[in-house]
Protein chains: 2
Amino acid sequence: MTVKVQSKGEQTRKRIMDLAQDAVLQKGFAATSIEEIIVEAGITKSGFFYHFRDKNDLAKAMLQRYLDDEWTVFDRLFKQADALSEDPLHSFLIFLKLFADLMADLPNGHPGCLVASYVYSEHLFSRDVRTMTTEGHLIWRKRFGERLRLIAERYPTQTELDLDDLADMLSAVADGGIILAKSLHDPTLLPKQILLYRNLIKATFLE
Amino acid sequence: MTVKVQSKGEQTRKRIMDLAQDAVLQKGFAATSIEEIIVEAGITKSGFFYHFRDKNDLAKAMLQRYLDDEWTVFDRLFKQADALSEDPLHSFLIFLKLFADLMADLPNGHPGCLVASYVYSEHLFSRDVRTMTTEGHLIWRKRFGERLRLIAERYPTQTELDLDDLADMLSAVADGGIILAKSLHDPTLLPKQILLYRNLIKATFLE
DNA sequence: TGCAAAACCAAACCATGAGTACAGCACTTG
DNA sequence: CAAGTGCTGTACTCATGGTTTGGTTTTGCA
């Protein structure tokens with residue numbers, strides 16, 4: 001367990017981003033004011049503008065951090081799963097179980113997907129932020145797609161099937177599951193949806 | 001084909017809502033200003049406030065209309081499907097195909113789900129609007145769930161399976177598919193996701 | 001044709017919110 | 001200890017945006 005040594009500045013920067021992210025996931029980016037963030041963070045406006053050039057800069061930094069975090073989380077889960085089975089299919093199934101468990105363990109449910117939130121306010125952000133959301137989704141497609149291709153090699157399916165679509169479906173089920181879980185105030189919904197996706201994978205490759 | 005006779009007022013009201021909905025799906029509700037709407041609609045602010053008590057009132061009216069529209073669309077698709085097969089499973093499979101086709105025929109792809117958009121800015125709206133989004137999702141669960149229960153009666157599954165979860169999954173896949181399609185600028189993505197859900201249904205009940 | 005109701009307009013109000021200018025404090029490195 | 005640099009505070013600007021008040025036109029209908 002490495003404890004990052006954070007300078008005071010890094011700490012405030014992180015605090016700003018944490019608070020901002022919570023607010024954005026509840027009200028959307030546009031409705032989240034710098035004012036409210038700095039009040040909660042216990043700093044002043046100049047403090048904010050020292051750390052971020054403007055609001056869009058904050059949006060970008062948050063998104064980058066979010067994508068990085070997701071990446072490392074999935075990395076960990078995949079490594080865990082790979083350690084438990086050599087077989088690509090079973091490893092993927094284990095991964096999905098781990099993923100579902102992780103989502104089930106979030107005390108108040110998943111707070112929301114920042115990428116999804118951004119997509120529904122796309123027109124607010126600069127071009128580079130928008131391409132980041134696109135790239136984020138493409139990376140997941142690639143990542144899950146790779147796994148699926150390894151599986152398909154060993155477990156040939158009868159029906160024609162686009163593996164990229166199947167990879168996308170995990171993102172879709174997760175994003176959709178988060179929305180439903182929020183809307184229905186039911187944190188158990190997301191993990192259950194992931195397990196249904198797992199069923200599809202099983203049914204697809206195990207006949 | 002009944003053509004609704006709309007008074008001038010009803011026409012402007014509709015125009016406002018159309019423009020607002022487009023804007024909201026692109027930028028979110030908070031970032032959509034009354035100003036821009038009235039400019040596009042060719043009216044003034046007072047014109048707007050004649051039709052809507054306040055901005056939240058507009059949000060509510062838009063959501064109600066959206067839910068009603070969705071309801072009638074699904075109604076039509078279900079009726080069409082039921083006319084083509086007596087069997088609940090096949091009827092549902094036909095319905096899913098029709099649904100996918102409908103989504104595929106949208107020239108620029110699905111513009112976005114208003115409910116999903118609202119969920120990611122929940123904290124902006126009054127309580128009644130928020131309960132409307134919840135109710136909306138519950139209605140879909142009920143509607144799809146009913147169909148699935150009819151299917152399950154005739155096609156018993158071996159594995160334990162919560163049909164409400166399976167019903168929710170259609171909403172999740174749709175909402176998630178819309179997000180992905182928007183993010184990746186690929187209108188074909190949504191219908192493909194629906195067809196993958198259809199595969200799951202087939203695999204589940206036809207072994 | 002006249003008149004009430006419906007539909008709309010003009011102009012202001014007030015709050016909020018993004019962003020700036022600039023001064024001041026607290027490190028920490030030469 | 002001097003000088004920079006990282007960070008915070010005060011005090012503004014300027015634009016936007018939701019909402020109100022009080023009037024004017026247009027429309028449907030008796």
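This is a predicted model, so every value here is computed, not measured. Quick note on labels: first sequence line is chain A, next is B, and so on, each numbered from 1.
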Please give, in whole Å, the distance from [N] [atom2] to [X] [atom1]?
X: Ile38(B); N: dT16(D); atom1: CD1; atom2: C1'; result: 12 Å
X: Ile43(B); N: dC8(C); atom1: CD1; atom2: P; result: 7 Å
X: Tyr50(A); N: dT5(D); atom1: OH; atom2: C1'; result: 7 Å
X: Gln11(A); N: dG6(D); atom1: CD; atom2: P; result: 17 Å
X: Phe52(A); N: dT8(D); atom1: CZ; atom2: P; result: 12 Å

Could you tell me which residues satisfy side chain to side chain donor-acceptor pair (under 3.5 Å) with [X], sequence neighbours excluded, listed by chain and number?
X: Ser91(B); answer: Asp82(B)
X: Asp164(B); answer: none
X: Lys202(A); answer: none
X: Arg53(A); answer: none

Note to self: The side chain of Thr44(B) is closest to which nucleotide in this list: dC9(C), dA6(C), dC7(D)?
What the structure shows: dC9(C)

Checklist line | Non-neighbouring partners of Ala174(B) that pass side chain to side chain contact (heavy atoms under 4.5 Å, CB included), sequence neighbours left out | finding: none

Provide a list of protein-nucleic acid N or O atom pairs under 3.5 angstrom, restricted to nucleotides 11-21 of chain C.
{"unit_1": "dA18(C)", "atom_1": "OP1", "unit_2": "Lys55(A)", "atom_2": "NZ", "d": "3.3"}
{"unit_1": "dA18(C)", "atom_1": "OP2", "unit_2": "Ile34(A)", "atom_2": "N", "d": "3.0"}
{"unit_1": "dA18(C)", "atom_1": "N7", "unit_2": "Lys45(A)", "atom_2": "NZ", "d": "2.7"}
{"unit_1": "dG19(C)", "atom_1": "OP2", "unit_2": "Lys55(A)", "atom_2": "N", "d": "3.1"}
{"unit_1": "dG19(C)", "atom_1": "O6", "unit_2": "Lys45(A)", "atom_2": "NZ", "d": "3.1"}

Checklist line | From Thr133(B) atom OG1 to Leu138(B) atom CG, the distance as rounded to the nearest 0.5 Å | finding: 9.5 Å

Check: Does the side chain of His51(A) get closer than 4.0 angstrom to OP1 or OP2 of dG6(D) through an N or O atom?
Finding: no

